[in-house]
Amino acid sequence: MANDWNRRDVLKTGLAAGVGSFGVPAKAPTVITRQAKRPIVISSGNGLAAADKAMTMVAAGADTLDAVIAGVNIVELDPNDMSVGYGGLPNEDGVVQLDASVMHGPTRRAGAVAAIEGVKTPSNVAQLVAYRTDHVLLVGEGATRFAQAHGYGPEDLLTDHSRAAWLRWKENLSDQDDWFPPERDATGSAADMAPIERHHGTINCNAVDAAGDISGVTTTSGMSYKIPGRAGDSPIIGAGLYVDNEVGACGSTGRGEANMVECASFLVVEFMRAGAQPKDAAIEALARIADKTVSPRLLTDGGRPNFGLNFYCLNKAGEYAGASMYGESDGRTARFAVNDGGESRLEDCVALYDVRAK
Ligand code: ASP
């Protein structure tokens, strides 16, 4: 399979030096000793405000995890972002179930919640799991009860907008059922069943401070109209998020199922540990995922993955990258948010393939 990205460049820029043919370091793992000269915050494309907030806090001396969580809280609480927290699109029953994970580099604490209900800011609950329990992941009803014990929820997370979007999905499922979309006449015959888009979306935010301490958070409402109880990659340490304070951090957005089976955020950090630059590490992980995608259901006619997947990674030295399976999808360029002091900006992601074919 021909990749648009020149993978020989990847191999030249570090992996060849430290990684065997199975992606396993051929020599003892390196620790990145160069330290960021100034704090860096990166986030997914919906994270401009999050990166601003996190940078303001990190620059004022806040802990990196507190800072990135305060950053993503802005998006979790935003009713207009339909992929995260309050206002996120619900599952097939019309219930909003959220996933989130956090990792604090200096203490190596990790916490996560999956399929939690009635809480607008699951990232805060994930932090409580990390700090107030001996566990890493709480799911479903247990996670919801744990959140309530700490004063989070229950709250209704559906907005008028997300409820309407869910109803529209439900009404358009089939022209043989008893739900009438506005386009259908009273006999139930489908006049014009508009195609419904399955929504993906998530926010990831990672920070390294001037002391070289690193943290990350990933939070999402997951795939829209999912089967109740479905958890994506976001709450899975090593998939939706991974942090190693000696090396760097990586988080992900996009098709979680493709990421989960390759533990790709962990993989990106391991490639960086072996000496790869962030952009090369992330592209190599995307190439791995593309190579391992074999189900025809998930491939384009040209044999490429028919889904989007993105990684946002930085290392202890403050080098960073956003990387995407496709540089352009549906006419949109893949971008990510960066803040290196001052105001956040969007930068283009590096991409494994240039343009996603329809
Ligand atoms: N990665 C998320 C999930 O699979 C969704 C997304 O980022 O689009 O739940």
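These numbers were taken from a predicted model, which means no experiment stands behind them. Positions are given from 1, in the same order as the sequence printed here. Read the numbers this way: they start at 1 and go in the same order the structure lists the ligands and their atoms.
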Taking distance alone, with N or O pairs closer than 3.5 Å, would you say [X] contacts ligand 1?
X: R230; value: yes
X: S252; value: no
X: G222; value: no

Parallel, tilted or perpendicular: ring planes of W179 versus W166, cut at 30 and 60 degrees: perpendicular
F336 and Y312 aromatic ring geometry - parallel, tilted or perpendicular at 30°/60° bounds: tilted
Side chain, backbone, both or neither: the part of M260 lying under 4.0 Å from ligand 1 by heavy atom: neither
Winner among N204, I236, D99, D233 once heavy atoms are compared against atom 3 (C) of ligand 1: D233
For atom 7 (O) of ligand 1, the option (of V84, T202, N259) bearing the nearest heavy atom: T202
Using a 4.0 Å cut-off to any heavy atom of [X], which atoms of ligand 1 qualify?
X: G232; answer: 9 (O)
X: T253; answer: 7 (O)
X: G254; answer: 1 (N), 2 (C), 3 (C), 4 (O), 5 (C), 6 (C), 7 (O), 8 (O)

Pairs involving residues 50-59, ordered by first then second residue, that meet side chain to side chain donor-acceptor pair (under 3.5 Å) (sequence neighbours left out): D52-N339, D52-S344
Distance-only donor-acceptor check, side chains N204 and S44, under 3.5 Å: no
Modelled atom types, side-chain donor and acceptor of E347 and Y320, under 3.5 Å: yes
Verify same cluster id: M260, L267 (apolar side-chain graph, 4.5 Å): no
Check against side-chain contact (heavy atoms from CB on, under 4.5 Å), D78 and Y86: CA-CA 6 Å; D78 178 357; Y86 178 48; over 6 Å; no
